[in-house]
Amino acid sequence: METPWFAKRPVSAVRPGDHGWLAYSCTEERDRVIGTFVREGLLTNEKVVYVTDAPAELLPGFDPRHPIDIGTYTRTGQLRVIPRRDACLDRHGAFAPAMMLETLGKEVEEAFGQGFRAVRLTTDHSWVLHGPGRAGLHQMLGCEHRVGDAVSPSTMAMAICQVDKHALTHDELVALRDTHEVLVEVNPEFDDGILKIVRTFKPDGLRVEGELDAARHAVFAEKLTQVGKGRRRVHLDFSRLGFIDLGGLNLLAQHATGLPADDALVLDHLPADVENVIELVGWHRLPGLARGSEGTLPKTEGIGR
């Protein structure tokens, strides 16, 4: 079976023509991704269309830390919160893919005349397969293919399809993911082209990519301290780590030995050469430092573990 091709983008890099996929593991992950998607659209003269039964003031991204005058955006039509019954449910309350496509197409078409430079579309599909009025998987896949066909060639529209990864089976997640070419994730905590640090969820922690050298010890230590607040176990995913110097390894050791009893810094997907150095100097015996998952999981890209 041919392996699907995916582009992976932080949410702020999503652009017109992207039919994006977000399988979130918790509400914090969803809110950080979709909240950014919604908020940045409203602040850059882009129309935001959110199909949901939640009221506008409870959408991701609207909280005291990011005050937004929701009323102004809804009155001008820049923010369109459309209940499911009006967007995609037939008169029997069942999911109607053709109605969803018609709704989204109408919003995109109207946006051009309203003077918006782009349209951001999003909805959570978790309820579709297992909620009231649920659709069959083939029906849902057909809808996603048609949304992709409409969005991908567009110079205005971009979409993120959300799903709670715990609401669907693994096979359902894989099938739905494979109808998208863009996998969307949270914006990096840090990225200077050499080192990238990305927040991870379930397990809580950080993914460390690229090279961790002396010039970047301070920022890594800062992000590690931040993510560790209030958490007993923090996972570091090193599956995309290209290099770490001895100072970086020493930083890990110091952090681990300073943890309270029973807390742990868990090292996942350690490159063999890094693991060898850790064992050579005996750091693997330090309290607070734990070995985690091994290898990489390419088949789960975009759906988590």
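Given the structure is predicted, the values throughout are model-derived calculations rather than measurements.
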Asker: With the side chain counted from C-beta on, respond yes when H217 and D245 share a heavy-atom pair under 4.5 Å apart, and no when they do not.
Answerer: yes

Asker: For the residue pair E181 / S152, report whether a side-chain donor-acceptor contact shorter than 3.5 Å exists.
Answerer: no

Asker: Is V48 linked to L59 within one hydrophobic cluster, defined over Ile, Leu, Val, Met, Phe, Trp and Tyr using a side-chain heavy-atom separation of less than 4.5 Å?
Answerer: yes

Asker: Let me know which of D124, D31, D164 forms a side-chain hydrogen bond (donor to acceptor under 3.5 Å, both in side chains) with Y24.
Answerer: D124

Asker: Indicate yes or no: at least one non-hydrogen side-chain atom of E209 is less than 4.5 angstrom from one of L241.
Answerer: no

Asker: Flag yes if L141 and M99 sit in one hydrophobic cluster, no otherwise; membership is Ile, Leu, Val, Met, Phe, Trp, Tyr, and two members link when side-chain heavy atoms are under 4.5 Å apart.
Answerer: no

Asker: Do L265 and V277 share a hydrophobic cluster (ILVMFWY, side-chain heavy atoms under 4.5 Å, transitive)?
Answerer: yes

Asker: Determine which pairs satisfy side chain to side chain donor-acceptor pair (under 3.5 Å) with at least one residue from residues 99-109, sequence neighbours left out, and list them in order.
Answerer: K47-E107, R80-E107

Asker: Tell me, with the steps shown, if E185 and V33 meet side chain to side chain contact (heavy atoms under 4.5 Å, CB included).
Answerer: CA-CA 6 Å; E185 68 175 358; V33 175; 5.7 Å; no

Asker: Once salt bridge (Lys or Arg N to Asp or Glu O under 4.0 Å) is applied, do any residues pair with D213, and if so which ones, sequence neighbours excluded?
Answerer: R216

Asker: Quick check: closest heavy atoms across M156 and F116, and the distance to 0.1 Å?
Answerer: CE-O, 3.4 Å

Asker: Counting distance only, does the side-chain N/O of D90 pair as donor-acceptor with the main-chain N or O of H92 below 3.5 Å?
Answerer: yes

Asker: Give the C-alpha distance, both sets of side-chain angles, the deciding distance and a yes or no for side chain to side chain contact (heavy atoms under 4.5 Å, CB included) between L259 and V234.
Answerer: CA-CA 11 Å; L259 294 173; V234 171; over 6 Å; no

Asker: Is it the case that the side chain of R231 and the backbone of V227 share a donor-acceptor pair, with hydrogens and angles ignored and the cut-off at 3.5 Å?
Answerer: yes

Asker: Considering only NZ, NE, NH1 and NH2 on the basic side and carboxylate oxygens on the acidic side, decide whether E275 and R291 come within less than 4.0 Å.
Answerer: yes

Asker: Not counting sequence neighbours, which residues clear salt bridge (Lys or Arg N to Asp or Glu O under 4.0 Å) with D53? List them please.
Answerer: R84

Asker: State the CE-OG1 distance between M158 and T122, to the nearest 0.5 angstrom.
Answerer: 12.0 Å

Asker: Could you tell me whether K202 and E29 have a side-chain N and a carboxylate O separated by less than 4.0 Å?
Answerer: no

Asker: Taking all non-hydrogen atoms of both residues, which atom of V38 and which atom of P60 are closest, and how far apart?
Answerer: CB-O, 4.2 Å

Asker: Is V163 close to W21 at the side-chain level, that is, under 4.5 Å between some pair of heavy atoms?
Answerer: yes

Asker: Given side chains that start at C-beta, do those of L121 and V119 come closer than 4.5 Å, heavy atoms only?
Answerer: yes

Asker: Given 3.5 Å as the limit, does a donor-acceptor pair link the side chain of N276 with the main chain of A272, or not?
Answerer: yes

Asker: Can T169 and D171 be said to form a side-chain hydrogen bond (donor to acceptor under 3.5 Å, both in side chains), step by step?
Answerer: CA-CA 5 Å; T169 68; D171 289 344; 5.6 Å; no

Asker: What I want to find out is whether E28 reaches R199 closely enough, with some N-O distance under 4.0 Å, to be called a salt bridge.
Answerer: yes

Asker: List the steps and the verdict of side chain to side chain contact (heavy atoms under 4.5 Å, CB included) for R207 and I197.
Answerer: CA-CA 6 Å; R207 188 175 74 240; I197 303 173; over 6 Å; no

Asker: Spell out, as yes or no, whether a donor-acceptor pair under 3.5 Å connects the side chain of R120 to the backbone of Y50.
Answerer: no

Asker: Got a donor-acceptor contact below 3.5 angstrom from the Q78 side chain to the L42 backbone?
Answerer: yes

Asker: Measure the spacing between CG of D237 and CG of L267 and express it to the nearest 0.5 Å.
Answerer: 10.5 Å

Asker: For residues T123 and I82, determine if any side-chain heavy atom of one lies less than 4.5 Å from a side-chain heavy atom of the other.
Answerer: no

Asker: Under 4.5 Å between side-chain heavy atoms, hopping through other hydrophobics if needed: is there a path connecting F243 to L246?
Answerer: no

Asker: For F112, look at atom CZ and say whether over 12 heavy atoms of other residues, nucleotides or ligands are found less than 6.0 Å away.
Answerer: no

Asker: Can you tell me how far the CG atom of D178 sits from the CG atom of L173, to the nearest 0.5 Å?
Answerer: 10.5 Å

Asker: Taking the side chain as C-beta and beyond, is there a heavy-atom pair between V198 and V186 under 4.5 Å?
Answerer: yes

Asker: Kindly compute the distance separating CD1 (I194) from CG (L212), expressed to the nearest 0.5 Å.
Answerer: 12.0 Å

Asker: Calculate, to the nearest 0.5 Å, the distance between atoms CE and SG belonging to M100 and C88 respectively.
Answerer: 4.0 Å

Asker: Considering all heavy atoms of both residues, which atom of R9 and which atom of A13 are nearest to each other, and what is their separation?
Answerer: CD-O, 3.4 Å

Asker: Would you say D268 and F238 make side-chain contact, with heavy atoms under 4.5 Å?
Answerer: no

Asker: After noting the C-alpha distance and the side-chain angles of L249 and I244, does the key distance pass the side chain to side chain contact (heavy atoms under 4.5 Å, CB included) rule?
Answerer: CA-CA 7 Å; L249 291 175; I244 182 170; 3.8 Å; yes

Asker: Using side-chain heavy atoms (C-beta onward) and a distance below 4.5 Å, is H235 in contact with T200?
Answerer: no

Asker: Which pair of heavy atoms, one from P97 and one from Q139, lies closest together, and at what distance?
Answerer: CD-NE2, 3.3 Å

Asker: Nearest 0.5 angstrom please: F201 CZ to K165 NZ, how far?
Answerer: 10.5 Å

Asker: If you count heavy atoms of other groups shown closer than 6.0 angstrom to CZ of R240, is the number above 12?
Answerer: yes

Asker: Less than 4.0 Å between a side-chain N and a carboxylate O, is that true for R233 and D263?
Answerer: no

Asker: Would you kindly say whether Q162 and S126 are connected by a side-chain donor-acceptor distance under 3.5 Å?
Answerer: no

Asker: Can you tell me how the ring of W127 sits relative to the ring of F95, calling it parallel under 30°, perpendicular over 60° and tilted otherwise?
Answerer: perpendicular

Asker: In sequence, state the C-alpha distance, the side-chain angles, and the governing distance for K8 and E301, and then conclude on salt bridge (Lys or Arg N to Asp or Glu O under 4.0 Å).
Answerer: CA-CA 10 Å; K8 194 163 191 175; E301 189 78 8; 3.0 Å; yes

Asker: Answer yes if F37 and Y73 sit in the same cluster of Ile, Leu, Val, Met, Phe, Trp and Tyr residues linked by side chain heavy atoms under 4.5 Å apart, and no otherwise.
Answerer: yes

Asker: Salt-bridge test for R32 and E189: reply yes if a basic N is under 4.0 Å from a carboxylate O, no otherwise.
Answerer: yes

Asker: For a quick test of reading the model, state the closest non-hydrogen atom pair linking H19 to V151 and the distance between them.
Answerer: N-CG1, 4.2 Å

Asker: If I compare all heavy atoms of A175 with all of L137, which pair ends up nearest, and what's the gap?
Answerer: CB-CD2, 4.3 Å

